[in-house]
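Numbers here simply count residues along the sequence, with the first being 1. Predicted, not measured: the structure shown is a model, and the values here were computed from it.
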Amino acid sequence: MAGQFVESLYPGQAFQGFHFDEILYQTQTPFQSIAIYRAPVLGRVLVLDGIVQTTEADEFIYHEMLVHVPLMAVPAPRKVMIVGGGDGGCLREALKHPIDHVDLVEIDIKVIESSREHLPTLNDNGRAFDDPRVSVVVEDAFKYMKEHRGEYDAIIVDSTDPVGMAEALFSDEFYRLCRDSLSPQGALSAQDGVVFFQRDEAARSVAALRNLGLHAGVYLAAVPTYYGGNMTLGIAGRHADVLKPDLAKLRERFKALTGETRHYSPEVHAASFVLPRWINELVEGSKS
Ligand code: AG3
């Protein structure tokens, strides 16, 4: 049945929305409500607790930038963890790298099951979940990381916004667990919200990561369905190099990728670290 979906995420803003032709899936799990719509412009749209998470039309921008930037910032990544990411979009991108292993730690099995069935373009018709290099762990990442000490070359935090359950994934304690699970050269990435409307999210997460002794900063990606301009993606590591993209190295490493990218390129990677002055001021507390 056709209808109209409206989201209300940013305080003070009325809504954003889209028309849909059909609701393909709808359920309530112990963790959240899940809905998948079919919309004329956006294609299939995944909505969790009333907030748009990803759409077939523009998911590649978000997933490529969240995954390739940390993985390309590390010399020879072998082991990767994805926190959340049950739709498989980050997994599909990570598997383009010559890595040995990915742990996908998602709390809600229904996100994985419904995405496998209704969002096949995100997970390569389920093949991303079934790849022999992948372990799908259905557990709270916070709990999992407390109990399993790992050493990861990249930790990719593909979370919902910091309201409700996902708030824990923005806490000092969670970032400490991530730090302790990073290899010496490793890099962490995390979505830090749309900076114009979610003004202090990036600053808070960068400050928390720096308090833990990590080099931390943000880079930018404009994802149309997270409306309001640039999204800030956080990046951190023990090594300052993760924040300083070296174009020659990136071009060399890029050759090792299998499959195509539609948004990411070494040049886009380097450019995404250039911050407009107002964003730099919000994140760093000073003008560049
Ligand atoms: N997680 C990012 C949700 C962003 C929500 N919207 C916003 N901040 N305007 C997406 C998960 C996709 N794998």
Side-chain angles (χ1 to χ4, degrees), residues 42-43 46 53-85 87-99 102 104 115 119 121-124 127-128 131 133-134 152-159 185-195 202 216-226 229-237 239 241-276 279:
L42 303 173
L46 173 67
Q53 296 302 314
T54 199
T55 85
E56 273 185 332
D58 69 353
E59 57 84 13
F60 67 100
I61 304 174
Y62 173 82
H63 291 125
E64 289 184 17
M65 290 302 279
L66 192 61
V67 171
H68 298 311
V69 170
L71 276 168
M72 295 280 291
V74 173
R78 292 273 156 244
K79 201 173 166 202
V80 178
M81 174 186 259
I82 298 169
V83 174
D87 51 58
C90 283
L91 198 52
R92 179 197 65 205
E93 292 307 315
L95 291 169
K96 292 178 181 169
H97 291 256
I99 51 176
V102 191
L104 175 89
S115 301
L119 299 170
T121 59
L122 271 83
N123 44 62
D124 219 354
R127 280 192 289 273
D131 191 287
R133 292 171 290 170
V134 174
Y152 295 95
D153 301 309
I155 299 176
I156 293 156
V157 186
D158 183 17
S159 66
Q185 305 266 16
L188 166 142
S189 67
Q191 73 92 359
D192 283 341
V194 172
V195 62
V218 299
Y219 59 102
L220 304 176
V223 185
T225 46
Y226 309 143
N230 275 303
M231 174 169 247
T232 35
L233 302 170
I235 180 155
H239 217 286
D241 280 3
V242 300
L243 303 179
K244 296 195 201 90
D246 172 333
L247 202 45
K249 274 189 200 158
L250 294 175
R251 284 182 175 142
E252 200 42 52
R253 286 176 196 161
F254 193 54
K255 292 183 191 154
L257 260 68
T258 53
E260 294 288 311
T261 57
R262 293 166 67 195
H263 184 83
Y264 179 90
S265 70
E267 293 76 14
V268 166
H269 180 145
S272 71
F273 280 77
V274 179
L275 303 184
I279 299 179

Which atom pair, heavy atoms only, marks the closest approach of Leu104 to Gly85?
CD1-O, 3.6 Å

Side-chain donor/acceptor of Glu56 to backbone N/O of Leu119, under 3.5 Å
no

Rounded to the nearest 0.5 Å, the CD1 atom of Ile99 sits from the CG atom of Leu71 at a distance of 6.5 Å

Closest approach of Leu233 and Ala221, non-hydrogen atoms and distance?
CD1-CB, 4.1 Å

How far does CD1 of Ile156 sit from SG of Cys90, to the nearest 0.5 angstrom?
6.0 Å

Reported OH-to-OG1 distance for the pair Tyr62 and Thr225, which is rounded to 0.5 angstrom:
10.5 Å

Drop me the distance from Ser265's OG to Glu64's CD, to the nearest 0.5 angstrom.
9.5 Å

Geometric class of the Tyr264/His269 ring pair [parallel <30°, tilted 30-60°, perpendicular >60°]:
perpendicular

Quick check for you: to the nearest 0.5 Å, what is the distance between Lys255 atom NZ and Leu257 atom CG?
13.0 Å

So does Ser115 get a backbone contact from the side chain of Asn123, meaning a donor-acceptor N/O pair under 3.5 Å?
yes

Could you report the tightest heavy-atom contact between Leu95 and Ala128, atom names first, then the distance?
CD1-O, 3.7 Å

Using only atom types and a distance under 3.5 Å, with no angle test, would you say the side chain of Ser189 pairs donor to acceptor with the backbone of Leu66?
yes

Can you tell whether the side chains of Glu252 and Lys249 come within less than 4.0 Å, N to carboxylate O?
no

Is the distance between the ring centroids of His97 and His68 less than 6.0 Å?
yes

Glu93 side chain to Val67 backbone, donor-acceptor under 3.5 Å:
no

Strictly distance-based, threshold 3.5 Å: is any side-chain N or O of Arg78 a donor or acceptor partner for the main-chain N or O of Pro98?
yes

Any chance you could lay out the side-chain hydrogen bond (donor to acceptor under 3.5 Å, both in side chains) test for Tyr226 and Asp58, step after step, and finish with the verdict?
CA-CA 10 Å; Tyr226 309 143; Asp58 69 353; over 6 Å; no

Can a salt bridge be assigned to the pair Arg251 and Glu267 using a cut-off of 4.0 Å between side-chain N and carboxylate O?
yes

Short side-chain to backbone donor-acceptor contact, Arg92 and Thr121, under 3.5 Å
yes

Nearest 0.5 Å, please: how far is CZ in Arg262 from NE2 in His63?
13.0 Å

